[in-house]
There are 2 protein chains.
Amino acid sequence: MPRAGLDPAAVVAAGAALADEVGLANLTMGSLAERVGVRAPSLYKHVGGQEDLNRRIAVLALNEVADAVGGAVQGCAGRDALAAAARAFRAFVLEHPGRYAATIGQEPSDPEDPLAVAGRRLLDAFMAVLWGYEIDPADVDHALRMLRSLCHGFATLQVANGFQWSADIDESFEWLIAFADRGLRAL
Amino acid sequence: MPRAGLDPAAVVAAGAALADEVGLANLTMGSLAERVGVRAPSLYKHVGGQEDLNRRIAVLALNEVADAVGGAVQGCAGRDALAAAARAFRAFVLEHPGRYAATIGQEPSDPEDPLAVAGRRLLDAFMAVLWGYEIDPADVDHALRMLRSLCHGFATLQVANGFQWSADIDESFEWLIAFADRGLRAL
DNA sequence: CAATCCAGGCTAATGAGATTAGCTTTCGGC
DNA sequence: GCCGAAAGCTAATCTCATTAGCCTGGATTG
């Protein structure tokens, strides 16, 4: 029996990719095992189980989305930065719905939990957007939560097909960016 | 064997209550059956299965949250209506996290699907908030999506413990209401 | 170079949960 | 009081996750 050459990172990456394809709810140990070319029990040599796998996918996704948002913000400021960050975030969620879904409902145990670290990285990326606005330090946390709620809410609703009716969704998103920009500049 | 006197509505209501208590992911046919005093297979006389149960819980939740938001808005306008609607929405999600979670990822098949009808009721309730503002008809759909994204995003992030750090969450929510109000008045 | 060890695979078995099949019993309407 | 449908039940099946325990290839070491 030839070795498959797996390691935890490879299993998690394959799991994330599969979740994006078939939906997180349809990611089973069996299908993932088949994907990576082993039998299901072998996966347990690399990850602790489904819950652990889910958690690791969440960490991967948070780091990736933090990279995407952080990278998009580079070299921009103000409204440009806001627009770049928001678009990068939404694009990530639309392209990787499965792995992003894995982040929902995960609670970090302690502040050193990789999940907490990754979450902080994403917040830092959004924080960089706020630097481009003149915001009272007392408002920064609230503004950050507002931005995160807007982006998360919009993207997850869209992925879930929560926007039924007519108006163009991309247009709504651009409108929403403009709305947030005006509000932040007015602070 | 005495009849339990069940019907679909009773099963769905019990399922929603149990989901709120133990989390949607831990709602099993077995635990629900025990809760209502029958064996698991008997539930299939009332609902089509787990997927159908989930869907019906989602419809119930959407109708309830629409009632809550719609009721809260009664007799208010402008900022008061916005605040009442947003608070009612968040309060519902925090009190009924399980049944609200059931709404996520449900796609209505056709416009007559009860799910679509319930979704429209919720939108109508939010729409009532917008009437209190002077909004260009071309912006209404976008504003509606913005409001829904904000409320949904904030509430789901809070339920999932997605807000880690210091600042007070209730305070952030009030800040967010004020932010949205200023933005809507400026349109 | 050979003995050893262990990481990484495997098969088999267990156990939870959803679902189906088919039987039985209650209950409303005649 | 009789009948049929509705509402329960038990038993059986299927899919998955997970555990136990075996096996081996290839690096490590003497």
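Computation of the quantities below employed the complete heavy-atom set of this structure, encompassing side-chain atoms and omitting hydrogens, waters and symmetry-equivalent molecules. Note on naming: letters A, B, ... go to the chains in the order of the sequence lines (proteins, then strands), and numbering restarts at 1 for each one.
In this structure, Asp124(B) has no side chain to side chain donor-acceptor pair (under 3.5 Å) partners at least two apart in sequence or on a different chain. Residues satisfying the ring pair (Phe, Tyr, Trp, His ring centres under 6.0 Å) criterion with His96(B), sequence neighbours excluded, are Phe92(B). Scored by the ring pair (Phe, Tyr, Trp, His ring centres under 6.0 Å) test, Phe179(B) finds Trp175(B) as partners (sequence neighbours excluded). By the side-chain contact (heavy atoms from CB on, under 4.5 Å) test, Glu174(B) is found to be paired with Arg87(B), Ile177(B), residues two or more places apart in sequence or in another chain being considered.
In this structure the side chain of Arg121(B) reaches within 4.5 angstrom of the side chain of Asp67(B), judged on heavy atoms.
Listed for the Asp136(A) side chain is no donor-acceptor partner under 3.5 Å among the backbone atoms of Leu187(A). Looking at Asp80(A), its side chain never comes within 3.5 Å of a backbone N or O of Cys76(A) through a donor-acceptor pair.
Sorted by residue number, the members of residues 13-35 of chain A with any non-hydrogen atom under 4.0 Å from DNA chain D read Thr28(A), Met29(A), Gly30(A). For the segment residues 43-51 of chain B, the set of residues with a heavy atom within less than 4.0 Å of an atom of DNA chain D comprises Lys45(B), His46(B), in numerical order.
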Side chains of residues 5-14 of chain A: which donor-acceptor partners sit under 3.5 Å, not counting sequence neighbours?
unit_1	atom_1	unit_2	atom_2	d
Asp7(A)	OD1	Ala9(A)	N	3.2
Asp7(A)	OD1	Ala10(A)	N	2.8

Under 3.5 Å, side-chain donor or acceptor atoms of residues 153-160 of chain B against the rest of the protein: list the pairs with distances, not counting sequence neighbours.
unit_1	atom_1	unit_2	atom_2	d
Thr156(B)	OG1	His152(B)	O	2.7
Thr156(B)	OG1	Gly153(B)	O	3.2
Gln158(B)	OE1	Arg90(B)	NH1	2.7

Which pairs of donor and acceptor atoms, one on a side chain in residues 36-51 of chain B, lie under 3.5 Å apart (sequence neighbours left out)?
unit_1	atom_1	unit_2	atom_2	d
Ser42(B)	OG	Arg39(B)	O	3.4
Gln50(B)	NE2	Leu27(B)	O	3.4

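As a whole-Å value, the separation of Arg39(A) CZ from dT19(D) C1' is 17 Å.
When the side-chain nitrogen and oxygen atoms of Ser42(A) are compared with OP1 and OP2 of dC10(C), one or more of them lie within a distance under 4.0 Å.
Tyr133(A) and Asp181(A) are linked by a side-chain donor-acceptor pair at a separation below 3.5 angstrom, with hydrogens and angles left out of the test.
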Using the 3.5 Å cut-off, write out each protein N or O paired with an N or O of nucleotides 27-30 of chain C and the distance between them.
none

Below 3.5 Å is the cut-off: list the nitrogen or oxygen pairs between protein and nucleotides 11-13 of chain D, distance only.
none

### Message
Run Glu134(A) and Arg185(A) through salt bridge (charged side-chain N to carboxylate O under 4.0 Å, His left out) and show every step you take.
### Response
CA-CA 7 Å; Glu134(A) 308 276 333; Arg185(A) 271 190 284 123; over 6 Å; no

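Grouped with Val117(B) in a hydrophobic cluster is no other residue, since no side-chain heavy-atom contact under 4.5 Å to another Ile, Leu, Val, Met, Phe, Trp or Tyr is found.
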